[in-house]
Enquirer: 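Dumping the structure here so I can ask a few things about it.
Any value given below was found using the heavy atoms of this structure, including those in side chains, with hydrogens, waters and symmetry copies removed.
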Amino acid sequence: MTIFSSACSLRGARCVVSLCVLSFCFAATAVSQDQLVKQTSYQTDQDIPYRSGENLTDYMRERCRLDVYAPESKTGFSTVVWFHGGGLKGGKKSVPKELKEQGIAVVAVNYRLHPKVTSPAYIEDAAAAVAWTFKNIENYGGSNKKIFISGHSAGGYLTSMLGLDKRWLAAHDIDADDIAGLIPYSGHTITHFTVRAERGIDGKQPVVDEMAPLYHVRDDCPPLLLITGDRELEMLGRYEENAYLWRMMQVVGHPDTELYELDGYDHGQMAGPAHPLLLRFVKTHDR
């Protein structure tokens, strides 16, 4: 089983990293990580509302909530804001077990879903949750200079939209460039199929407009780690979408975009083996 990195080339010779080699790399730091885990306890605060005001609907009060999982005896740690998948139509917040006891905080977010809402409500919710994290993570001991955004599938789409299209966080007086890094897992880079369905467009008809991360390619966005499953096992064109985003980021001169294809893993399976890549990325970009 291998992990193929397409950051070197989109075809032909590609960088190849064996899973056993990757495991060895992480094993080299396992002792120190284990020592850190033994010395660190973690707390979880659940169902914290991240929206407020008089105009909240009952559905907003129900869904616009997050959980904070954070180290208790550590300060200045990094935080990953994690958005669940589900096609913008389902799913619920949870902290991936592979991200627990890693010396970082995880903010797991619920957001409103289709058909009770339509675009861009779920992006607005995601932005509000990230803004809440910027404004509150220091209360848990974390650094608001070390906030990363990630998520699987629909969560990956939300990740890329917030990091590339600056208007969503700007509505909360947050500069998207202050995000430490973006790690979308198998996310749409074209306009999401649920957004297209809301317009009566078939899921096999690609659209790239202002609701597509690809539309907002720029050279000054935060560091970007793109991860997908095997191109032959993924959802329709998901690897190729991400490969095109990778290519366009090279064209505009973005200095820090990587792309990994996880050979042998389909869309639903790829999140587990992607987590070590996220942790390595966070460690590398821990400013």
Enquirer: Once the angle between the rings of H275 and Y185 is folded into 0 to 90°, is it parallel (under 30°), tilted (30 to 60°) or perpendicular (over 60°)?
Expert: tilted

Enquirer: Just jot down the side-chain hydrogen bond (donor to acceptor under 3.5 Å, both in side chains) partners of W168, sequence neighbours excluded, or say none.
Expert: D165

Enquirer: First locate atom CG of L224, then atom CG of L182, and finally report the distance between them rounded to the nearest 0.5 Å.
Expert: 5.5 Å

Enquirer: Consider only side-chain heavy atoms of I, L, V, M, F, W and Y, link residues closer than 4.5 Å, and tell whether V208 and M249 are in one cluster.
Expert: yes

Enquirer: Report the distance from atom CG of L278 to atom NZ of K283, rounding to the nearest 0.5 Å.
Expert: 14.0 Å

Enquirer: Could you tell me whether the side chain of R63 and the main chain of Y111 form a donor-acceptor pair under 3.5 Å?
Expert: yes

Enquirer: Is there a donor-acceptor pair closer than 3.5 Å between any side-chain N or O of K89 and the backbone N or O of P115?
Expert: no

Enquirer: Do the side chain of Y59 and the main chain of L113 share a donor and acceptor less than 3.5 angstrom apart?
Expert: yes

Enquirer: Looking at side-chain heavy atoms only, is the closest gap between V282 and V80 below 4.5 Å?
Expert: yes

Enquirer: Under 3.5 Å, side chain of T194 to main-chain N/O of G87, donor-acceptor pair present?
Expert: yes

Enquirer: Does the pair D286/K146 count as a salt bridge with the N-to-O cut at 4.0 Å?
Expert: yes

Enquirer: How about E198 and V117: do any of their side-chain heavy atoms sit closer than 4.5 Å?
Expert: no

Enquirer: Quick one: pull up CG in D209 and OG1 in T191 and give me the separation to the nearest 0.5 Å.
Expert: 3.5 Å

Enquirer: Using the side-chain hydrogen bond (donor to acceptor under 3.5 Å, both in side chains) criterion, which residues pair with R218? Sequence neighbours excluded.
Expert: D177, D220

Enquirer: Kindly indicate whether the side chain of D45, heavy atoms from C-beta on, has any atom under 4.5 Å from the side chain of D67.
Expert: no

Enquirer: I would like to know whether H254 and C221 meet side-chain contact (heavy atoms from CB on, under 4.5 Å); could you show each step before the answer?
Expert: CA-CA 8 Å; H254 186 260; C221 79; 3.4 Å; yes

Enquirer: Assigning hydrophobic clusters by single linkage (Ile, Leu, Val, Met, Phe, Trp, Tyr; side-chain heavy-atom cutoff under 4.5 Å), is I190 placed with M248?
Expert: yes

Enquirer: Within a radius of less than 6.0 Å around CG of N139, do more than 12 heavy atoms belonging to other residues, nucleotides or ligands occur?
Expert: yes

Enquirer: Can any side-chain N or O of E234 pair as donor or acceptor with the backbone N or O of R231 at less than 3.5 Å?
Expert: no

Enquirer: Going by the rule side chain to side chain contact (heavy atoms under 4.5 Å, CB included), which residues pair with Q205 if we only count those two or more places apart in sequence or in a different chain?
Expert: I201

Enquirer: For the CZ atom of R247 and the CG atom of L214, what is their distance to the nearest 0.5 Å?
Expert: 13.5 Å

Enquirer: Using modelled atom types and a 3.5 Å cut-off, is there a donor and acceptor pairing between side-chain atoms of R51 and backbone atoms of C64?
Expert: no

Enquirer: Does the side chain of H188 reach to within under 4.5 Å of the side chain of M211, using non-hydrogen atoms?
Expert: no

Enquirer: Taking atom CG of L158 and atom CD1 of I149, what is their separation to the nearest 0.5 Å?
Expert: 10.0 Å

Enquirer: Looking only at heavy atoms, which two atoms of G163 and A176 are closest? And how far apart?
Expert: O-CB, 4.0 Å

Enquirer: Under a 3.5 Å cutoff, is there a donor and acceptor pairing between the side chains of T40 and E101?
Expert: no

Enquirer: Can you hop from L66 to I179 via hydrophobic side chains spaced under 4.5 Å?
Expert: yes

Enquirer: Is M60 reachable from V130 through a run of I, L, V, M, F, W or Y residues, each pair having side-chain heavy atoms under 4.5 Å apart?
Expert: no

Enquirer: Any chain of hydrophobic side-chain contacts (each under 4.5 Å) joining V252 to W246?
Expert: yes

Enquirer: Only counting residues at least two apart or in another chain, list the ones meeting side chain to side chain contact (heavy atoms under 4.5 Å, CB included) with S153.
Expert: R238, H267

Enquirer: With the side chain counted from C-beta on, respond yes when I123 and L162 share a heavy-atom pair under 4.5 Å apart, and no when they do not.
Expert: yes

Enquirer: Keeping the roles fixed (side chain from D230, backbone from G264), state whether a donor-acceptor pair exists under 3.5 Å.
Expert: yes

Enquirer: Measuring only between side-chain heavy atoms, which start at C-beta, is D175 closer than 4.5 Å to K166?
Expert: yes

Enquirer: Taking side chain as C-beta onward, heavy atoms only, is Y244 less than 4.5 Å from E241?
Expert: no

Enquirer: Please confirm whether the ring centroid of H285 lies under 6.0 Å from the ring centroid of F148.
Expert: no

Enquirer: Taking the side chain as every heavy atom from C-beta outward, state whether L225 and E258 have any atom pair closer than 4.5 Å.
Expert: yes

Enquirer: Where is the tightest heavy-atom contact between Y260 and R280, given as atom of each residue plus distance?
Expert: OH-NH2, 3.3 Å

Enquirer: If you round to the nearest 0.5 Å, how far is NZ of K145 from OG1 of T79?
Expert: 13.5 Å

Enquirer: Keeping to residues at least two apart or across chains, list the ring-ring contact (aromatic ring centres under 6.0 Å, His included) pairs with something in residues 118-143.
Expert: none

Enquirer: Start with the C-alpha gap between I183 and I227, add the side-chain angles, then the distance that decides, and say whether side-chain contact (heavy atoms from CB on, under 4.5 Å) holds.
Expert: CA-CA 8 Å; I183 313 103; I227 312 173; 4.0 Å; yes

Enquirer: Is the F83 to H152 ring centre distance short of 6.0 Å?
Expert: no

Enquirer: Which residues satisfy the side-chain hydrogen bond (donor to acceptor under 3.5 Å, both in side chains) test with E72, sequence neighbours excluded?
Expert: S41

Enquirer: How about T228 and N242: does a side-chain donor come under 3.5 Å of a side-chain acceptor?
Expert: no

Enquirer: Under 3.5 Å, side chain of N110 to main-chain N/O of K93, donor-acceptor pair present?
Expert: yes

